Number of protein chains: 2
Amino acid sequence: MYEGSATSTPAGRPLRADARRNYDRILDAAGSAIAQHGAEASLEDIARRAGVGSATLHRHFPSRQTLLEAVFRDRVQTLCATARDLAADLDPERALVAWLRAVAVHIASNRGLAASLMHGARDPARDTTCHALVVSAGDALLANARRAGAVRPDVAIIDLLKLANAVGLATEQEADGAAEAERLLMLSIDGVRPRGARATRTTR
Amino acid sequence: MYEGSATSTPAGRPLRADARRNYDRILDAAGSAIAQHGAEASLEDIARRAGVGSATLHRHFPSRQTLLEAVFRDRVQTLCATARDLAADLDPERALVAWLRAVAVHIASNRGLAASLMHGARDPARDTTCHALVVSAGDALLANARRAGAVRPDVAIIDLLKLANAVGLATEQEADGAAEAERLLMLSIDGVRPRGARATRTTR
DNA sequence: TGCCAAACGGGGTGGTCCTCCACATATGGT
DNA sequence: ACCATATGTGGAGGACCACCCCGTTTGGCA
């Protein structure tokens, strides 16, 4: 397990003490600002709350995406740990479903997380993006479930995550978003038809 | 069927000729701007393209939402007409599924439409919001399908629309968003499990 | 034709994101 | 203990944005 926050420059040199302090302050401020205003929170405002100049924020986090990734990284790591726990405790199908529920609920209740997860695959250089972390955690669960014959073979983890993400995103700004997200996700996992009814094979 | 575009003031008086001309120009400009830049297109830019002052745009459309609704209204009406056609031509289940696909594809390929449909229910005074139109069109299809026993009884049209909306929204900015949206929607309608497998009844 | 309410739009206000660069300071070598 | 310098800072400013005030223009009607 690596350090929670970035503590060194790309060249490997450790961050100067003041830089590190500002980095952490910005992360704190960003956390609460995003909780209040979602992923579109004003960067200017975040810098102000952190008590640093806006240039400092932009130096540490060149893009909004970078900041979002940093803010949510530990929460995402928790989610990945949950995946491992579930795989150990439950049968493959239940584990996968339970984890997808957890993902959807996290997205629905942490405003802005969706954006962070969705656009993560943009920069293939960094493989520790939230996106990559979640994909690999989910892949393990899906592999188990598929071996157990619990999911259709044409379903990829990326599909399921998109689904969980979509549902979370769409319910992000509802009153009780988490519960609603969970409901919708279960609906799409179970399917819309009554149990026992034959699925219509719609021609592509 | 009412006029496609608003042509009268709240008081019922008809719009002055120049006002009406500007209204239409803004709508045109907004259409192409939104197609290029999505729902977040710059209002200033739209006014510029339309050759009117920004104040004029704000007078006609007090909020971004108002503008989106106006831009998409006719496309949404087409969608509602499609619902009626499908109900006439196909059996209830196929009609519902085909229409939901159409909705998802529309959302995925008309950038910004999702926002328009989702937040439509904010202002209960106007009942001709895109949101309301789509809900009532879908309700008819769902009622048929339910009578035919083709959908679970605990599913409401609003759930299905949220699902279609979610999927469309999440795929809005992908390369081939429409196809991807369709695929994901079908996945969630058919369910994730292999055909024939018993669905796990997860306790609420 | 002349009137005037209705509609217009330039320009101001206060906000955003982001960059440049003159200045400050933490750090490692002496 | 001191100092040179790489490293980090943040105010100022440019480009853009939404939104509004208010003096000016114009369509429609008598």
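In what follows, every chain begins at residue 1, and chains take the letters A, B, ... in the order their sequences are listed. Model, not experiment: these values are computed from the prediction.
Put simply, CZ on B:Arg64 is 11 Å from P on D:dC17, counting in whole angstrom units. The OH atom of B:Tyr23 sits 12 Å away from the P atom of C:dC8 (whole-angstrom rounding). Rounded to an integer number of Å, the gap from CZ of A:Arg21 to C1' of C:dA24 is 13 Å. Nucleotide D:dG27 holds its C1' atom 12 Å from the CG atom of B:Leu15, rounded to whole Å. The separation between A:Ile46 atom CD1 and C:dG15 atom P is 17 Å, rounded to whole Å. Distance, B:Asp45 CG to C:dT16 C1': 17 Å, rounded to whole Å. Between the CD atom of A:Glu40 and the P atom of D:dC17 there is a distance of 16 Å, given to the nearest Å. What separates CD of A:Glu44 from P of C:dT16 is a distance of 6 Å, to the nearest Å.
If you take CG on A:Asp28 and CD1 on A:Ile46, they are separated by 11.5 Å, rounding to the nearest 0.5 Å. Once rounded to the nearest 0.5 Å, the distance linking CG of A:Asp190 with CG of A:Leu185 reads 9.5 Å. Residue B:Thr56 holds its OG1 atom at 10.0 Å from NE2 of B:His58, rounded to the nearest 0.5 Å. Rounded to the nearest 0.5 angstrom, A:Cys130 SG and A:Leu68 CG are separated by 8.5 Å. Note that the CG atom of A:Leu86 and the CG atom of A:Asp91 stand 11.0 Å from one another [nearest 0.5 Å].
You'll find that the side chain of B:Ser42 is closest to D:dA18, out of D:dA18, C:dA26, C:dG9. Distance from the side chain of A:Leu43 is smallest to C:dC18 among D:dC17, C:dC18, C:dT16.
At a cut-off of 3.5 angstrom, the base of C:dA6 holds at least one donor-acceptor pair with the side chain of B:Arg16.
For DNA chain D, the neighbouring residues in residues 47-61 of chain A, judged by any heavy atom under 4.0 Å, are A:Val52, A:Gly53, A:Ala55, A:Thr56, A:Arg59, A:His60.
B:Arg64 contributes a side-chain N or O that, together with a main-chain N or O of B:Ala41, makes up a donor-acceptor pair within less than 3.5 Å.
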Salt bridge (Lys or Arg N to Asp or Glu O under 4.0 Å) between A:Asp45 and A:Arg48, worked out: CA-CA 5 Å; A:Asp45 181 51; A:Arg48 229 175 291 127; 3.5 Å; yes
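Residue A:Asn22 has no polar side-chain atom (N or O) positioned under 4.0 Å from OP1 or OP2 of D:dG8.
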